[in-house]
Amino acid sequence: PSSSLIILNNKRTRHVSGTGCWNTGIEHAYEMYGEECFIAICDDDDEWHENDVEAFLNAIKDATSPQAVQWIGPGLIRKVVKKDRPGEYKISRTKVPDTLPAANEFFVRNPGFQGSNLFVKCKALKLAGLFDEALHCGTDRDLFIGLCDIFHGNKNAYISTKQETV
């Protein structure tokens, strides 16, 4: 496929969260490229480092079982504006786990995942039920719980880039 831009109209839930748009895009990718294609999402308030997608692809290439990889996690760098000092930021780093977290870890705390560090195969997203469009928040965490349940016990399904790229 060429690298041309495709603009899709959201044919699903609107005005709740990004879930309708994301699911529209995931369904389109599934129809166009099949279940083995990877989906990457970057929220409007986040940005990827210039080597983000390259880091994902290198992690797959370097994996013990590249064909089995379904989900890849990069670390996050959070830049939060200091309220008392406009223009200054507090930087925090979040390392995602090197191995697949248990679903129940998301009930207590988020082990480092969000929509913008999502790089998952279409097939896995469909198995997890896509993003829940009825939820007003926590949709990415809900999806990650589903992915953890699906791949529990499969040590090759999840890998980490071991880099902070979001």
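Keep in mind that what you see is a predicted model, and the values were worked out from it rather than measured.
Within the 4.5 Å cutoff, the side chain of Phe119 has heavy atoms near those of the Ile60 side chain. Here the side chains of Ile159 and Trp71 are not in contact, with every heavy-atom distance at 4.5 Å or above.
What you find for Phe56 and Ile72 is that their closest heavy atoms are CD2-CG2, 3.5 Å. When all heavy atoms of Gln70 and Ala124 are compared, the closest pair comes out as OE1-CB, 3.9 Å. When all heavy atoms of Ser160 and Pro97 are compared, the pair lying nearest together is CB-O, 3.6 Å. The minimum heavy-atom distance between Val69 and Phe38, with the atom names listed, is O-CZ, 3.7 Å. In terms of heavy atoms, Ala55 sits closest to Thr161 at O-CG2, 3.8 Å. Of all non-hydrogen atoms in Ile41 and Phe131, the two that sit nearest each other are CD1-CE1, 3.8 Å.
For the 3.5 Å distance criterion, the side chains of Thr24 and Asn10 qualify, holding a donor opposite an acceptor. Between the side chains of Thr13 and Glu133, at least one donor N or O sits under 3.5 Å from an acceptor N or O.
Checking side-chain atoms of Asn154 against main-chain N and O of Ala157 turns up a donor-acceptor pair under 3.5 Å. The closest donor-acceptor contact from the side chain of Asp132 to the backbone of Thr139 lies at 3.5 Å or more, if one exists at all. Put simply, the side chain of Tyr33 never gets that close to the backbone of His28: no donor and acceptor are under 3.5 Å apart.
Residue Ile39 holds its CD1 atom at 11.0 Å from NZ of Lys126, rounded to the nearest 0.5 Å. With rounding to the nearest 0.5 Å, the separation of NZ in Lys61 from CD in Glu54 is 8.5 Å. Between Ile6 atom CD1 and Met32 atom CE the span is 5.5 Å, to the nearest 0.5 Å. Rounding to the nearest 0.5 Å places CG of Leu100 at 8.5 Å from CD of Glu105. Atom SG of Cys37 is separated from atom NZ of Lys123 by 12.5 Å, given to the nearest 0.5 angstrom.
Other residues, nucleotides and ligands contribute over 12 non-hydrogen atoms within 6.0 Å of the CG atom of Asp98.
Not a single salt bridge (Lys or Arg N to Asp or Glu O under 4.0 Å) links Glu35 to another residue, sequence neighbours left out.
Under 4.0 Å is where a charged nitrogen must lie from a carboxylate oxygen, and between Lys11 and Glu27 no such pair does.
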### Task
Would you please test Trp22 and Leu130 for side-chain contact (heavy atoms from CB on, under 4.5 Å) and show each step?
CA-CA 9 Å; Trp22 298 331; Leu130 300 175; over 6 Å; no

List, one per line, each side-chain donor-acceptor pair under 3.5 Å for residues 140-151, sequence neighbours excluded.
| from | atom 1 | to | atom 2 | distance (Å) |
| --- | --- | --- | --- | --- |
| Asp140 | OD2 | Gly115 | N | 3.1 |
| Arg141 | NH1 | Phe106 | O | 3.2 |

